[in-house]
Amino acid sequence: MIDPRFLQENLEFVKKKTSERGVEIDFEDITRINEERKRIIRMVEKLEHQRNIGSKKVGELKRQGNDEEAEKLQAGLRDISEKIKELDTKRAQVEEESKSNLLNIPNIPDETVPVGQDDSENVEVKSWGNPRKFNFKFKDHIEIGKSLDILDLERAAKIAGSRFALYKGQGARIDRALINFMIDVHTTEHGYTEVLPPFMAHRESFIGTGNLPKFEHELFRVAETDMYLIPTAEVPVTNIHREETLSEGDLPKKYVAYTPCFRKEAGSYGKDVHGIMRQHQFNKVELVKFVTPENSYDELETLTNDAARILELLKIPYRVVVLCTGEMGFSSAKTYDLEVWVPSENRYREISSCSNFEDFQARRANIRYRKKNSGKPKYVHTLNGSGLAIGRTVIAILENFQSPDGSVTIPEVLVSYMGGEERISPP
RNA sequence: GGAGAGGUGGCCGAGCGGCUGAAGGCACUCGCCUGCUAAGCGAGUAGGGGGAUUAAACCCUCUCGUGGGUUCGAAUCCCACCCUCUCCGCCA
């Protein structure tokens, strides 16, 4: 949520910024409702003031034993209370409307974010390693998975329908190995605290991160409850500190979590229908930070580097792009995508998305911190990034490290996690 | 799922329907004191919203798990829900 006061004082600026995202919002309507809200509040509070003074007087009179006067006063106060009650329902309506307006406004992009409409206007800021040149006819991850007997998409469909995977043998093991490897690196070398959160969360948590109310269609709702399956660990982990006031000395807080992620992928039909690129369920290791506003952009850089480090250890070529305004997620102020080289597609594909949300989520989830020496609590800045998406890492390994004989070489850092196996060979 | 206990400020904890936005403690901040540290002494420290102001000081209002109700007036009484703890049952 953006700062309501900032919105009113910088209406034109906000208008410009949201339109750069490709979002059109009726700010006139929002302003109108906000004015109406303030008007009603003023009226209610005036009446409440009268009532409070009157009530106090009633108390005094009664103590003096002057019941006659007290009762006279009470009659008048009764009317005031009635009026307050009426106005209160109106107030509740208007406040809800106003709140819902605010919840549907996306975050303001940081000034360093390139303005653009689609991914062609993302800007590459770094690339690492060189895409491999194959001197044999290489396969895509689906063929490799099938020939190594580690990936069975047909049977997965039998179990749950399309967009699910059944990993087998070394396939299942490499997925698990990657989870452990990534968590170990982030905890022991990057200073993150490991957490294992709930894989579902209720509505409030999803509002906190910005997934609700706007993006319900992307989520699996658990029938007959107000819970949803998480689309990313960002949701439960960011909400660890919902409604809390942290102290400045506790910051930054850094968490790493493995969770499966569940996404409807509605509207993406026709995209990535083959293989495991885009699934209803996939594993991911997620990094989440709570930091002070002063250094959130530095923290975004290190967060991105922390994620990228995994790819460097695995020796998978990647690049980093800054998402342009039109490509960024609803809650983000600035996002770097890490993209790995996928030979079968002859291009880079997203494997991690690292964002600074500034105080957008913190305001929604009411996550604040108190400065050491002074006064008012302020909102923290939240950040998160995949560190990394496991399924897509599997794709990258299978395709980038395949050999002419059909086997796949296990990255060196992963060997110990694979029980010493150095390659996966056809059965 | 059944029975009981309980949810109060950054934390712990007291609280008769009106003088309680809330005792007391802890923590923190500032000052004093001490050669330093510890201790001691004194003062201060909740949040949201609405208004005034160049800004702060200031004024009003709401907030004691959440939402309703009773009442002139609710932390306090009533109802519903949520959560936590203890015991029982069931279960990975």
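Chain letters run A, B, ... following the sequence lines, proteins first, then strands; residues in each count from 1.
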Just the rounded figure in Å: distance from [atom2] of [N] to [atom1] of [X].
X: A:M43; N: B:C62; atom1: CE; atom2: P; answer: 16 Å
X: A:I84; N: B:U71; atom1: CD1; atom2: C1'; answer: 13 Å
X: A:K57; N: B:C19; atom1: NZ; atom2: C1'; answer: 16 Å
X: A:I367; N: B:G47; atom1: CD1; atom2: C1'; answer: 17 Å
X: A:L47; N: B:C72; atom1: CG; atom2: P; answer: 16 Å
X: A:D67; N: B:G73; atom1: CG; atom2: C1'; answer: 15 Å
X: A:I207; N: B:U66; atom1: CD1; atom2: C1'; answer: 15 Å
X: A:E244; N: B:C11; atom1: CD; atom2: P; answer: 9 Å

(message) Starting the side chain at C-beta, find the nucleotide from B:G51, B:U61, B:G48 nearest to A:E48.
(response) B:U61
Is [X] close enough to [N] that one of its side-chain N or O atoms is under 4.0 Å from OP1 or OP2 there?
X: A:R51; N: B:U71; answer: no
X: A:H49; N: B:U61; answer: yes
X: A:R42; N: B:G51; answer: yes
X: A:N52; N: B:G18; answer: no
X: A:T245; N: B:A46; answer: no
X: A:R370; N: B:A27; answer: no
X: A:K85; N: B:U70; answer: yes

(request) May I ask you to decide if A:T225's main-chain N or O and A:R221's side chain share a donor-acceptor pair within less than 3.5 Å? (result) yes
(message) Quick check against the 3.5 Å criterion: does A:T18 have a side-chain atom that pairs as donor or acceptor with the backbone of A:K15?
(response) yes
(request) Report the residue (A:A92 or A:V58) whose heavy-atom-nearest nucleotide on RNA chain B is the more 5′ of the two. (result) A:A92
(request) Please tell me which of A:L73 and A:N34 maps to the more 5' nucleotide of RNA chain B, matching each residue to the nucleotide holding its nearest heavy atom. (result) A:N34
Can you check the distance between [N] and [M], where both ends of the measurement are the [atom1] atom (answer in whole Å)?
N: B:G21; M: B:C59; atom1: P; value: 16 Å
N: B:A5; M: B:C28; atom1: P; value: 38 Å
N: B:A3; M: B:A74; atom1: P; value: 32 Å

For [N], give the paired nucleotide (Watson-Crick: N1-N3 plus N6-O4 or O6-N4; G-U: N1-O2 and O6-N3; both under 3.5 Å), or none.
N: B:C41; answer: B:G31
N: B:C16; answer: none
N: B:G1; answer: B:C88
N: B:U63; answer: B:A46
N: B:A56; answer: none

(request) Could you tell me whether A:K168 and A:D149 have a side-chain N and a carboxylate O separated by less than 4.0 Å? (result) yes
(message) Distance criterion of 3.5 Å, no angle test: do you see the side chain of A:E45 paired donor-to-acceptor with the base of B:G49?
(response) yes
Assign [X] to base, sugar-phosphate, or nothing according to its heavy-atom contacts below 4.0 angstrom with the strands shown.
X: A:K62; result: base
X: A:R37; result: sugar-phosphate
X: A:R39; result: nothing

(request) Decide if atom CD of A:E294 counts as having more than 12 heavy atoms of other residues, nucleotides or ligands within a radius under 6.0 Å. (result) yes
(request) For atom CE of A:M43, decide whether the heavy atoms of other residues, nucleotides or ligands shown that lie under 6.0 angstrom number more than 12. (result) yes
(request) Starting from the C-alpha separation in whole Å, work towards a yes-or-no answer on side-chain contact (heavy atoms from CB on, under 4.5 Å) for A:Y167 and A:I276. (result) CA-CA 10 Å; A:Y167 293 81; A:I276 60 169; 3.4 Å; yes
(message) Is a donor from one side chain sitting under 3.5 angstrom from an acceptor on the other, for A:D175 and A:N283?
(response) yes
